[in-house]
Amino acid sequence: MIARLLSHLMTTSETPADETEARAIQDELRRGVVLDEPGPPPGTGLVAGVDVAYDDERDLVAAAAVVLDAGTLEVVEERTAVGRVSFPYVPGLLAFRELPTVLAALDALTVTPGLVVCDGYGLAHPRGFGLACHLGVVTGLPSIGVAKNPFTFTYEEPGARRGDAAPLLAADGAVVGRALRTQGGIKPVYVSVGHRVSLDNACAHTLALSPRYRLPETTRRADSLCRRALREATRTG
DNA sequence: GCGACAG
DNA sequence: ATCTTGTCGC
């Protein structure tokens, strides 16, 4: 079953036909999420960052997967993949637009990361199952989501120092993630659990990956790489 | 009912 | 996400 669902996400030809089908697939994948594991300790092993860039004009999408040494934050491996845009941007269904190409880039890696950091949300999601959850369940890897915007969620402004945080709340008051200040005096990032990681650990990783800038080095590296890959793809083919 | 809404 | 110059600052 997971293989069939994975093929839905992996291949352009089996992309969900509409939003209703996408939600049905989302509900299937949700059954596979594991939330009772702490995840790998921060600062050790390999951490991957993934991101995607689009050229809607030419119907192109480029994804990047960058693996860093969690201790030194040095790049261990980089891979990219280019494909066709197979699903529109629909709030709540971002995974179906981004994951096919991201999975292709991850598949090209020769090393296996102990954690994948996504640009977007995990459990902080209208239906409780965002991009980072899909990626985690489909790959089996621990995953977290680090987003730049609070989406539809609310939070009390955390303290101004690096490391200060506040719960990210859904409309019903449920804690779905955390607004985490990765740099003093700068807008926080929004961290949520994807798969096989605790929220505390997700935040510890995010902080460890953001020694200098607001966003984690994984996200920054993947972002610049997929943009470069898109430029190359546009210029070449 | 209408708008807002990760990337 | 993307459209986009110069500019302020380390």
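Because the structure is predicted, anything quoted here is derived from the model rather than measured. Order of the sequence lines sets the chain letters (A, B, ...), proteins ahead of strands, with each chain counted from 1.
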Side chain to side chain, A:Thr219 and A:Val117, heavy atoms closer than 4.5 Å: yes
Contact under 4.0 Å: A:Lys148 side-chain N or O vs B:dA6 OP1/OP2: no
Whole angstrom value for the distance that separates P of C:dA1 from CD of A:Glu98: 9 Å
Pairwise 5' ranking along DNA chain C for A:Arg212 and A:Asp223, keeping only the more 5' one: A:Asp223
Near-parallel close stack of A:Tyr89 and B:dG7 base (under 5.5 Å, under 30°): yes
Whole-Å gap separating P (B:dA6) and CG (A:Leu168): 12 Å
Nearest-Å distance for atom pair CD/P, residues A:Gln183 and C:dC10: 16 Å
Gap between atoms OH and C1', on A:Tyr121 and B:dG7 respectively (whole Å): 11 Å
Main-chain N/O of A:Gly49 paired with A:Thr218 side-chain donor or acceptor, under 3.5 Å: no
Distance test, side-chain N/O of A:Asn149 to OP1/OP2 of B:dG7, below 4.0 Å: yes
N/O (side chain, A:Arg227) to phosphate O (OP1/OP2, C:dA1) under 4.0 Å: yes
Centroid-centroid under 6.0 Å between A:Tyr89 and A:Tyr54 rings: no
Whole-Å gap separating P (C:dT4) and CD (A:Glu57): 10 Å
Nearest-angstrom distance from the residue atom CG of A:Asp56 to P of C:dA1: 12 Å
Sugar-phosphate, base or nothing in reach of A:Asp55, heavy atoms under 4.0 Å: nothing
Euclidean distance, atom CZ of residue A:Arg231 to atom P of C:dT2 [Å, nearest integer]: 11 Å
Rounded distance in Å - NE2 (A:His134) to P (B:dG7): 16 Å
Hydrophobic cluster membership, A:Phe153 vs A:Leu131, 4.5 Å side-chain cutoff: no
Sidechain-backbone polar pair: A:Arg220 side chain, A:Tyr213 backbone, donor-acceptor under 3.5 Å: no
Sugar-phosphate, base or nothing in reach of A:Gly92, heavy atoms under 4.0 Å: base
Touch class at under 4.0 angstrom, heavy-atom based, for A:Ala53 against every strand present: sugar-phosphate
